[in-house]
Amino acid sequence: MAIKGPKGTHDIIFNEINKWHIVESKLTELMQLYDYNEIRTPIFESTELFLRGVGDTTDIVDKEMYTFLDKGNRSITLRPEGTASVARAFIEHSGFNEVLPSKFYYIGPMFRYSRPQTGRYRQFHQFGIEVIGSINPYLDGEILELMMNIFISLGIKNLKLEINSVGCPSCRPLHKEKLKNYLKKNYSDLCPTCQGRYEKNPLRIFDCKNLQCQEIINNGPLITDNLCEECDDHFKKVKYYLEMTNVEYLINKKMVRGLDYYTKTAFEITAGKEGAQSSLGGGGRYDGLIEELGGPNLPGIGFAIGLERVVLTMEEQGLFDKLDNKHDKVYVANVSENNINTTIKLVQELRKNGVVAINDIMSRKLKNQFKYANKINADYVIIIGDDEIVNHIYPLKNMNTGEQIYCSLDELIKILRGV
RNA sequence: GUGGGUGUAGUUCAGUGGUAGAGCGCUAGUUUGUGGUACUAGUUGUCGUGGGUUCAAAUCCCAUCAUCCACCCCA
């Protein structure tokens with residue numbers, strides 16, 4: 001039995017890669033417009049980085065990490081997300097001594113040990129951005145606008161941006177107490193998972209899909225009603241920015257995101273469908289993270305987008321149907337084996353002049369060379385036979401119209417370069 | 001981690017007890033230097049794996065693995 005890729009991994013192969021190139025080139029194009037710099041960090045880190053950075057009450061750390069000991073007995077973890085690594089690199093290279101804010105973007109594989117299903121893999125790919133060093137609420141607004149702009153630029157429809165504020169260390173503890181007080185009398189009616197959450201992270205009970213938990217929590221106190229003045233003011237300004245820039249959004253007062261480090265603004269974007277893996281991306285502010293990881297007290301904010309889900313959504317919405325190949329492709333056919341040397345030299349000459357050119361490498365006869373040219377979507381075919389070698393006048397056939405003209409090498413190059 | 005579906009050719013699938021088939025794809029042919037259509041031929045299978053029942057298993061039973069889907073959670 002042939003060896004297969006490990007569970008939860010997938011190959012991006014054949015035509016599939018074109019879709020990824022479309023998405024990736026749009027992303028990097030936008031990053032230039034917003035003036036972000038790419039950062040490339042290792043795909044494995046010390047396990048401790050994620051324990052401290054992501055938080056040990058999260059499911060990611062609790063049950064989804066790929067952790068192993070290396071040959072030097074160090075505990076290593078394949079990165080389950082990008083923010084902790086970026087924060088670590090920022091601190092390690094004293095980013096706080098450079099111009100602030102630091103604006104990073106990254107793109108690459110992440111690893112989480114969970115059961116695979118639609119839109120979920122054990123090795124998956126994220127695009128994300130992180131901005132470190134600014135507490136300005138208009139930055140939150142700009143980032144939300146950027147995130148929406150990415151999806152809109154890709155042509156994705158039915159977008160839904162949900163935002164919330166999850167408070168900060170000065171208002172969240174008080175709110176937690178209020179919430180726990182409220183839940184105390186209903187404790188025994190909560191599902192087992194939520195009973196566990198009660199102590200560790202009661203805010204997460206808002207996320208529970210259990211109907212009874214929903215009923216109980218529905219009338220409970222909301223974090224947005226218990227924000228301190230600073231957080232409340234911050235949230236108002238974020239909303240103001242979104243209105244100013246015409247970004248449509250919904251406030252979801254029950255949204256609590258899964259990572260411990262979030263403060264103030266938290267958000268998530270979905271596209272249309274309900275339920276299963278509808279989330280295309282999400283993020284939030286993490287004003288305590290840099291300090292928590294041993295750096296100075298600098299605020300941060302970022303988001304991550306799941307690229308498999310973007311590609312999947314774009315497929316569902318038919319956005320890859322009309323793939324435009326930017327460059328004309330020409331196939332140089334030989335009439336017989338005697339002409340092969342000439343086709344090789346011609347292909348080389350065409351490539352030197354910036355023309356995408358290929359020739360036969362399957363020893364096919366002319367008719368089958370045409371069939372092949374057709375299958376690879378060649379725009380033109382040049383035919384090389386004995387006459388052409390003598391006359392230096394080449395037949396150029398347009399494969400879309402069927403029209404065939406005769407021209408010199410110089411004319412060929414001109415036409416094929418689209419001059 | 002929990003629950004459910006499915007494993008037969010490269011791919012999509014048919015075949016429910018008598019040792020394997022179709023469409024698509026791929027390769028080639030339909031004689032002279034021209035594709036997309038049509039016709040023809042060829043092409044690959046330890047029927048996921050191991051065991052059991054049976055004269056006989058792709059088909060029934062058990063186990064196992066893989067895969068897909070949903071939940072938890074997230075991207």
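Below, chain A is the first sequence line, B the second, and so on; all start at residue 1.
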Would you state whether a donor and an acceptor, one from the side chain of A/Q404 and one from the base of B/U34, lie under 3.5 Å apart?
yes
Salt-bridge present (A/E29, A/K26; N to O < 4.0 Å)
yes
Quick one: does A/K397 reach the base of B/G35 with a side-chain donor-acceptor pair under 3.5 Å?
yes
Classify the side chain of A/E388 and the base of B/G33 as holding, or not holding, a donor-acceptor pair under 3.5 Å.
yes
Rounding to an integer number of angstrom, what distance separates B/G23 and B/C62 when you compare their P atoms?
36 Å
Using the P atom in both, what is the distance from B/A9 to B/A58, to the nearest Å?
14 Å
Taking the C1' atom of each, how far is B/C47 from B/U59, in whole Å?
10 Å
A/S363 or A/G8: which one's nearest nucleotide on RNA chain B is closer to the 5' end?
A/S363
I'd like to know if A/R112 reaches the base of B/A75 with its side chain such that a donor and an acceptor end up less than 3.5 angstrom apart.
yes
How is A/I305 classified with respect to the nucleic acid when contacts are heavy atoms under 4.0 Å: base, sugar-phosphate, or nothing?
nothing
Rounding to an integer number of angstrom, what distance separates B/U54 and B/G15 when you compare their P atoms?
28 Å
Distance-only donor-acceptor test, A/R309 side-chain atoms vs B/C74 base atoms, 3.5 Å
yes
